[in-house]
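A short worksheet on the structure shown next.
Not measured: the values here are computed from a predicted model. The chain is numbered in sequence order, starting from 1.
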Amino acid sequence: MSAIATLAFALVLAVCGTGSAQAASTGGYVALGDSYSAGNGAGDYISSSGDCHRSDSAYPALWAAAHKPSSFTFAACSGAITTDVINSQLGGLSASTALVSITIGGNDAGFSDVMTACLTDSDSSCVSRIATAESYIRDTLPSRLDSVYSAIRAKAPSARVVVLGYPDIYKLNVFCIGLSATKHQAIDQAADLLDTTTATRAHAHGFTFGDVRTTFAGHELCSGDNYLHDVALPTWESYHPTATGHSSGYLPVLTTDA
């Protein structure tokens with residue numbers, strides 16, 4: 001390849017690689033969702049956000065700092081379920097919104113109750129509680145996600161919407177003190193079902209699904225290089241991404257898909 005051709009090819013790659021981020025930066029960015037978007041576990045909490053536990057080290061704040069959109073609305077809140085997004089988080093959306101990101105569905109499915117049951121009860125009780133959550137994910141959650149996604153599109157008709165998933169919690173088939181291998185596998189299977197269901201509904205609305213299982217692979221609990229908190233104090237940080245989980249797990253996926 002000639003030097004001129006090589007330069008031209010490099011320029012094409014540069015334009016393709018940065019164009020979507022530049023387009024998003026020309027309009028507003030609105031970050032919606034639950035604790036995985038707010039930044040539980042990332043530290044550097046924004047005091048005015050109160051129990052929403054929004055963090056300046058969460059992936060939405062990191063993306064906004066790097067790309068400087070014309071406006072940034074950080075509406076994600078710890079504990080949010082689908083109806084909370086619809087009822088209290090959509091005020092920042094408008095026709096000028098260029099980018100929306102969201103994680104939602106984990107609390108609807110009872111993620112906190114699942115982890116409590118698996119920490120305190122037997123393998124069979126843990127697996128039973130997970131089976132209940134999986135039934136909810138299959139039978140009820142899709143329509144709830146549809147309602148959220150339709151509401152987002154109605155208020156931000158031109159926005160690129162990136163629906164981010166959840167990581168697997170545990171690295172499997174390694175020795176790890178704590179929960180049993182049976183519990184680890186059941187928890188990860190439920191997380192995978194949640195991601196698959198979320199991706200299907202996101203794609204049905206023409207949204208992009210950002211699969212963070214790829215960037216968290218090798219950094220789950222029991223990996224020895226965790227991007228997630230194990231049982232922690234304060235307790236609401238438990239099983240949430242660390243600051244590194246946001247910067248190296250979530251941010252690269254949003255940056256690629258934005």
Check against side-chain contact (heavy atoms from CB on, under 4.5 Å), Ser238 and Asp230: CA-CA 5 Å; Ser238 302; Asp230 205 332; over 6 Å; no
Do Ile187 and Cys118 make a side-chain contact, defined as non-hydrogen atoms from C-beta onward lying under 4.5 Å apart? yes
Side-chain (Gln89) to main-chain (Gly33) donor-acceptor, under 3.5 angstrom: yes
If the condition is side-chain contact (heavy atoms from CB on, under 4.5 Å), which residues does Asp113 pass it with, not counting sequence neighbours? Arg129
Taking ring-ring contact (aromatic ring centres under 6.0 Å, His included) as the test, write out the residues that go with His240, two or more places apart. Tyr36
If only atom types and distance count, is the side chain of Thr198 paired as donor or acceptor with the main-chain N or O of Leu194 below 3.5 Å? yes
For Leu145 and Val163, what are the C-alpha separation, side-chain angles and deciding distance, and is it a side-chain contact (heavy atoms from CB on, under 4.5 Å)? CA-CA 11 Å; Leu145 294 175; Val163 178; over 6 Å; no
Could you tell me whether a side-chain N or O of Ser247 sits under 3.5 Å from a main-chain N or O of Ala243, the two making a donor and an acceptor? yes
Check side-chain contact (heavy atoms from CB on, under 4.5 Å) between Ala58 and all other residues, then give those that pass, not counting sequence neighbours. Ser55, Pro60, Phe74, His246
Apply ring-ring contact (aromatic ring centres under 6.0 Å, His included) to Tyr45 and list each qualifying residue two or more places apart in sequence or on a separate chain. Trp236
Spell out, as yes or no, whether a donor-acceptor pair under 3.5 Å connects the side chain of Arg54 to the backbone of Ala76. yes
Compare every heavy atom of Ser57 with every heavy atom of Gly43, then report the nearest pair and how far apart it is. O-CB, 4.4 Å
Set out, in order, the CA-CA distance, both residues' side-chain angles and the distance that settles side-chain hydrogen bond (donor to acceptor under 3.5 Å, both in side chains) for Asp108 and Thr82, then state yes or no. CA-CA 7 Å; Asp108 294 72; Thr82 48; 2.7 Å; yes
Can you list everything that forms a side-chain contact (heavy atoms from CB on, under 4.5 Å) with Leu119? Sequence neighbours excluded, please. Leu179, Val231, Tyr239
Measure the spacing between CG of Asn226 and OG1 of Thr244 and express it to the nearest 0.5 Å. 10.5 Å
Throw together a table of side-chain donor-acceptor distances under 3.5 angstrom for residues 135-143, partners on residues two or more places apart or in other chains.
{"from": "Ser135", "atom 1": "OG", "to": "Ala131", "atom 2": "O", "distance (Å)": "3.2"}
{"from": "Tyr136", "atom 1": "OH", "to": "Arg144", "atom 2": "NE", "distance (Å)": "2.9"}
{"from": "Ser143", "atom 1": "OG", "to": "Thr140", "atom 2": "O", "distance (Å)": "3.0"}

Establish, from distance only, whether the side-chain atoms of Tyr29 and Thr73 form a donor-acceptor pair under 3.5 Å. no
Return yes if some donor-acceptor pair links the side-chain N/O of Ser128 with the main-chain N/O of Ser124 below 3.5 Å, else return no. no
If you measure from the Lys or Arg side-chain nitrogens to the Asp or Glu carboxylate oxygens, is any gap between Arg213 and Asp168 under 4.0 Å? no
Verify whether one side chain among Asp257 and Thr208 offers a donor that lies under 3.5 Å from an acceptor in the other. no
Is the closest side-chain heavy-atom distance between Leu99 and Val162 below 4.5 Å? yes
Any side-chain to backbone donor/acceptor pair from Glu220 onto Gly218? Under 3.5 Å, distance only. yes
Within one Ile-Leu-Val-Met-Phe-Trp-Tyr cluster: Tyr149 and Ile81, side-chain cutoff 4.5 Å: no
Hydrogens and angles aside, do Ser122 and Ser125 bring a side-chain donor and acceptor to less than 3.5 Å of each other? yes
Is a donor on one side and an acceptor on the other found under 3.5 Å between the side chain of Ser35 and the backbone of Ser78? no
Take Lys183 and Cys126 through the test side-chain contact (heavy atoms from CB on, under 4.5 Å) and record every step on the way to the result. CA-CA 7 Å; Lys183 291 178 178 179; Cys126 169; 3.6 Å; yes
Tell me whether the rings of Tyr250 and Tyr59 are parallel (<30°), tilted (30 to 60°) or perpendicular (>60°). parallel
Quick one: do Lys155 and Ser94 satisfy side-chain contact (heavy atoms from CB on, under 4.5 Å)? Show the steps, please. CA-CA 5 Å; Lys155 289 182 173 292; Ser94 71; over 6 Å; no
Between Phe111 and Tyr166, ring centroids under 6.0 Å: no
